[in-house]
Amino acid sequence: MDTPGGWAAGQHAAHLEHALLQARSLIESTVSMHRQRLVVPSPVARNSTAQLGDVMEQLIARGRHSVAIALTGPGEFTDSVLRLLGKSPSRATVRVLCTAEATEVSANRLRRLPEPRLDVRVSDSELRGVLVVDGVAALVPADGPGTGGQFAVVNDAAAVRALELLFAGAWSGGRKLADHLQRSPRLRTELVRSILERLRAGQTDEAAAREINVSLRTYRRYVAEIMRELDANSRFQAGVRAVEFGLLSA
């Protein structure tokens, strides 16, 4: 017959064995998770500019539903995008959003991009160059000194989703490429620039009309036409939009 002391010792041994088994299980689980981290690809992979065209082509070719691209100006990223889209249209619906600067330097190439599965808009928002494919992968050029012209391929779902939402917000406020190109030449004359400069400086209509050597009535008619072209409700808003469109320096 077991004594109380023997029973207590047995219970203690059982508890100790159970604790050791739990510790072993925890250690094995930790080691397994560490091994998985070693084989799972990083959510952000940096690459050199020399690989840009090949990586971009692979990403666009993977697109089955949507390819969203933001272009900010001249450079290797923009050149690669326009070359690839002009060469082989994607199976997915492609949306290209450009700043006014990117549109100005690449207008002819943008016009020649194939339709109907490709749509181009011009945005007044501050954009960052990016390519997002099916909401699951993105390519982002590296900015700033010391980056060596690198770019990053992002596979982290949350980060890609955030980039996709930022793009969608800018896209909703963009205007069609044809509308922008039709409006732009009329606003890029030296006379319009002179009037916009005087509006921004806060000059009176009388003083501004004298400086550009037109009648007050003619000057006010020019101002009204410029505001209509810029879709502005006030002279202040016209100045802001002139900067956004690249008609005036910031």
Side-chain angles (χ1 to χ4, degrees), residues 43-45 47 49 51-143 151-185 230-231 241 243-246:
V44 179
N47 300 271
T49 304
Q51 302 168 290
L52 178 61
D54 291 340
V55 174
M56 189 177 287
E57 185 170 15
Q58 292 169 13
L59 284 174
I60 293 176
R62 279 172 47 187
R64 295 186 175 275
H65 306 291
S66 66
V67 175
I69 305 169
L71 303 179
T72 61
E76 185 67 26
F77 182 82
T78 296
D79 288 342
S80 296
V81 165
L82 296 178
R83 175 175 55 81
L84 290 170
L85 293 181
K87 180 179 69 173
S88 53
S90 172
R91 295 170 297 173
T93 298
V94 180
R95 295 179 296 167
V96 181
L97 188 61
C98 309
T99 61
E101 180 187 8
T103 306
E104 187 169 353
V105 299
S106 305
N108 290 332
R109 297 176 71 182
L110 288 167
R111 282 196 194 98
R112 293 197 296 267
L113 291 179
E115 297 180 355
R117 297 183 66 84
L118 191 147
D119 191 6
V120 181
R121 291 189 185 183
V122 181
S123 174
D124 302 328
S125 304
E126 289 189 13
L127 301 178
R128 172 170 184 162
V130 67
L131 183 155
V132 182
V133 178
D134 286 342
V136 297
L139 186 153
V140 183
D143 294 329
F151 64 93
V153 176
V154 183
N155 295 295
D156 178 75
V160 174
R161 180 58 177 160
L163 290 170
E164 190 175 45
L165 289 173
L166 288 171
F167 181 93
W171 178 265
S172 66
R175 58 192 174 280
K176 291 185 177 297
L177 176 65
D179 294 341
H180 175 82
L181 294 177
Q182 183 179 15
R183 169 190 293 171
S184 184
L230 292 172
D231 194 24
R241 291 190 177 235
V243 173
E244 290 174 347
F245 291 174

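The chain is numbered in sequence order, starting from 1. The figures here come from the full heavy-atom set of this structure, side chains too, leaving out hydrogens, waters and symmetry mates.
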* **Side-chain touch T99/L71, heavy atoms, less than 4.5 angstrom** => no
* Side chain proximity check, E76 to F151, heavy atoms < 4.5 angstrom -> no
* Locate the shortest heavy-atom distance separating S123 from L97; write the atom from each residue and the value. => CB-CD1, 3.7 Å
* To do: Considering non-hydrogen atoms only, spot the tightest contact between P74 and V105 and give its length.
  => CD-CG2, 4.0 Å
* Structure fact -> In this structure, CG of D119 is separated from CZ of R95 (nearest 0.5 Å) by 8.5 Å
* **Check: G73 main-chain N/O paired with T78 side-chain donor or acceptor under 3.5 Å** => yes
* Side chain of S106, backbone of T103: donor and acceptor closer than 3.5 Å? -> no
* Spacing of L177 atom CG and L110 atom CG [to the nearest 0.5 Å] -> 6.0 Å
* Any side-chain heavy atom of V120 within less than 4.5 Å of one from L113? -> yes
* Would you indicate whether the side-chain heavy atoms of R62 and L59 approach each other to under 4.5 Å? => yes
* **Reported CZ-to-CD1 distance for the pair F167 and I69, which is rounded to 0.5 angstrom** => 8.0 Å
* **Residue pair L118, V67: steps toward the side-chain contact (heavy atoms from CB on, under 4.5 Å) verdict** => CA-CA 9 Å; L118 191 147; V67 175; over 6 Å; no
* Minimum heavy-atom distance G63-V133, with the two atoms named -> CA-CG1, 3.5 Å
* To do: May I ask you to test the V132-V130 pair for a side-chain heavy-atom distance under 4.5 Å?
  => yes
* Closest approach of S66 and A92, non-hydrogen atoms and distance? -> N-CB, 3.6 Å
* Asked: Can you tell me how far the CG atom of L139 sits from the CD atom of Q58, to the nearest 0.5 Å?
  -> 10.5 Å
* Could you pull out the closest heavy-atom pair between W171 and V96, with the gap in Å? => CZ3-O, 3.5 Å
* To do: Could you tell me whether a side-chain N or O of R128 sits under 3.5 Å from a main-chain N or O of P141, the two making a donor and an acceptor?
  => yes
* **Non-neighbouring partners of R109 that pass side-chain contact (heavy atoms from CB on, under 4.5 Å), sequence neighbours left out** => D79, L82, R83, R112
* Determine the minimum heavy-atom distance between V160 and A138, stating which atoms define it. => CG2-N, 4.1 Å
* **Rounded distance [0.5 Å steps], CG in L85 versus CD in E57** => 11.0 Å
* Asked: So, does R121 use its side chain to make a donor-acceptor pair with the main chain of C98 at under 3.5 Å?
  -> no
* Kindly compute the distance separating OG1 (T93) from CZ (R64), expressed to the nearest 0.5 Å. => 14.0 Å
* Sub-3.5 Å donor-acceptor pair from the side chain of D134 to the main-chain atoms of H65, do we have one? -> yes
* Under the salt bridge (Lys or Arg N to Asp or Glu O under 4.0 Å) test, residues paired with R111 that sit two or more places apart -> none
